[in-house]
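Right, one structure below, let's go through it.
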Number of protein chains: 2
Amino acid sequence: MIADALAALADPTRRQVFELVAERPSPVGQVADRLPVSRPAVSQHLRVLRQAGLVQEERIGTRHVYRLDTAGLEILRAYFESFWERSLAAFKGAVEQVNRPEPSDPPTAEEAP
Amino acid sequence: MIADALAALADPTRRQVFELVAERPSPVGQVADRLPVSRPAVSQHLRVLRQAGLVQEERIGTRHVYRLDTAGLEILRAYFESFWERSLAAFKGAVEQVNRPEPSDPPTAEEAP
DNA sequence: ACTTACCGTAAGTTACGCCTTACCCTTGTT
DNA sequence: AACAAGGGTAAGGCGTAACTTACGGTAAGT
């Protein structure tokens with residue numbers, strides 16, 4: 001879900017957790033050592049990130065190693081990229097149409113079924 | 001700021017405001033009519049989005065028309081795209097290096113003073 | 001000049017999110 | 001078997017964000 005991914009990365013600490021894990025797969029304690037928060041806090045952040053599809057877990061012994069999940073990242077990347085093109089298309093001639101009530105949805109037939 | 005842009009789009013209502021404005025430049029009241037919140041709420045959301053560099057304002061008579069600001073969107077797009085490539089690079093050979101203590105901080109000299 | 005339309009801001013309330021401490025579980029070690 | 005290492009989870013405190021109502025302010029219309 002795009003909403004979960006955006007909400008997950010909105011928090012600065014949680015985004016740091018995500019960036020650390022994305023740079024190199026790491027167990028929970030190792031991430032907590034690099035941040036000014038407790039280990040349970042990191043664990044909770046990783047749970048949110050996992051539910052958002054941004055990281056995935058792998059148990060190795062007693063350690064829970066988290067690494068990047070490319071699925072969630074791809075969703076965000078695709079969202080902003082498609083948004084970019086769509087915004088440029090809408091930007092073309094829509095500047096002067098402020099007063100128009102509604103053009104009854106002009107041909108924007110780029111929507112996949 | 002990447003943090004402001006992400007935090008701005010994290011809220012579902014505010015993201016709806018952003019998407020409506022991005023699709024077609026609109027005054028505040030027109031946006032509020034399409035959402036289940038009051039007009040002041042939309043006004044506050046637009047202020048946050050403007051401070052995040054995601055929308056820009058243009059006064060036309062009594063109407064304050066908001067449209068997309070491509071600057072903020074570009075920041076987000078570039079962030080996730082560069083992140084995508086960086087993640088793939090780090091994904092290559094870092095899987096087996098979980099046990100390694102720390103490569104003594106690899107060159108990440110991207111911090112501005 | 002008065003009224004109407006459109007909007008931003010202030011104050012207050014409520015709900016949600018982040019963090020900490022405390023506790024329990026699982027796995028590996030001696 | 002007992003101990004240690006590594007982590008997830010629960011409960012609570014606390015700050016803050018999102019929304020509402022009320023008010024003031026500017027521009028257009030009559």
Side-chain angles (χ1 to χ4, degrees), chain A residues 1 3-21 24-52 54-67 69 97-102, chain B residues 1 3-21 24-52 54-67 69 97-102:
Chain A
M1 204 79 77
D4 298 328
L6 278 174
L9 295 182
D11 181 71
T13 303
R14 195 186 295 131
R15 196 173 62 255
Q16 280 189 313
V17 171
F18 172 72
E19 293 180 353
L20 285 175
V21 165
R24 172 161 27 96
S26 313
V28 180
Q30 195 167 351
V31 177
D33 289 338
R34 295 210 171 206
L35 295 177
V37 294
S38 66
R39 182 190 52 75
V42 173
S43 180
Q44 291 168 8
H45 283 312
L46 284 169
R47 191 161 73 101
V48 174
L49 289 171
R50 184 171 53 84
Q51 289 174 346
L54 288 168
V55 300
Q56 52 187 104
E57 188 183 2
E58 180 192 6
R59 292 182 152 85
I60 299 183
T62 67
R63 292 194 289 255
H64 297 208
V65 177
Y66 287 88
R67 75 164 65 95
D69 190 347
Q97 304 192 359
V98 178
N99 290 336
R100 313 285 184 81
E102 265 158 37
Chain B
M1 204 78 79
D4 297 329
L6 278 174
L9 294 181
D11 182 71
T13 304
R14 193 185 297 132
R15 195 172 64 253
Q16 280 188 313
V17 171
F18 171 73
E19 292 180 353
L20 286 175
V21 164
R24 170 160 28 93
S26 314
V28 180
Q30 195 169 337
V31 176
D33 288 339
R34 295 208 171 207
L35 295 177
V37 294
S38 66
R39 183 191 52 75
V42 173
S43 181
Q44 293 168 7
H45 282 313
L46 285 169
R47 191 161 73 98
V48 174
L49 289 171
R50 184 170 52 82
Q51 290 175 346
L54 288 168
V55 302
Q56 52 187 97
E57 189 184 3
E58 179 192 7
R59 290 180 153 89
I60 299 183
T62 68
R63 292 195 289 256
H64 296 208
V65 178
Y66 286 87
R67 76 164 66 93
D69 189 348
Q97 303 193 359
V98 178
N99 291 336
R100 311 288 182 84
E102 265 157 42

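We name chains A, B, ... by the order of the sequence lines, and we start the count at 1 in each one. Scope of the values below: all heavy atoms of this structure, side chains included, with no hydrogens, waters or symmetry mates.
Taking side-chain N and O atoms only, B:H64 has a distance below 4.0 Å to OP1 or OP2 of C:dG8. A sub-4.0 Å separation between OP1 or OP2 of C:dC19 and a side-chain N or O of A:T13 is present. The side chain of A:Y66 places an N or O atom within less than 4.0 Å of a non-bridging phosphate oxygen (OP1 or OP2) of D:dG8.
Within the 4.5 Å cutoff, the side chain of B:E19 has heavy atoms near those of the B:R15 side chain.
Partners of B:A8 under the side-chain contact (heavy atoms from CB on, under 4.5 Å) rule, at least two apart in sequence or in another chain, are B:R14, B:V48, B:L49, B:A52, B:L54. Shown here are the side-chain contact (heavy atoms from CB on, under 4.5 Å) partners of B:T13, two or more places apart in sequence or in another chain: B:D11, B:V37, B:H45.
Of the candidates C:dC18, C:dG8, D:dT20, C:dG8 carries the atom nearest the B:S43 side chain, counting heavy atoms from C-beta on. Side-chain proximity of A:A41 to D:dC19, D:dG8, C:dT20: nearest is C:dT20.
The minimum heavy-atom distance between A:S26 and A:L20, with the atom names listed, is OG-O, 4.5 Å. In terms of heavy atoms, A:L6 sits closest to B:L9 at CD1-O, 3.8 Å.
Nearest-nucleotide positions on DNA chain C place A:P36 closer to the 5' end than the other of A:P36 and A:R39. Where B:T62 and A:L46 each meet DNA chain D at their nearest nucleotide, the meeting point lying more 5' is that of A:L46.
One interatomic measurement links the two molecules: CD of A:Q51 to P of C:dG17, which rounds to 12 Å at whole-angstrom precision. Note: CD1 (A:I60) to P (D:dG7) measures 11 Å, nearest angstrom. One atom, CG of A:L49, and another, P of D:dG8, lie 12 Å apart when rounded to the nearest Å. A straight line from CD of A:Q16 to P of C:dC19 spans 10 Å, rounded to a whole angstrom. Rounded to an integer number of Å, the gap from CZ of A:F18 to P of C:dC18 is 16 Å. Here D:dA18 presents its P atom at 14 Å from CG of B:L35, a figure rounded to the nearest Å. Atoms NE2 (B:H45) and C1' (C:dC7) sit 16 Å apart, rounded to a whole Å. Rounded to a whole Å, the CD atom of A:Q30 is 14 Å from the C1' atom of D:dG7.
With values rounded to the nearest 0.5 angstrom, B:R50 atom CZ is found 9.0 Å from B:S43 atom OG. Atom OH of residue A:Y66 and atom CZ of residue A:R47 lie 9.5 Å apart, to the nearest 0.5 angstrom.
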Tabulate protein N/O versus nucleotide N/O from nucleotides 10-17 of chain D, keeping only pairs under 3.5 Å, one per line.
none

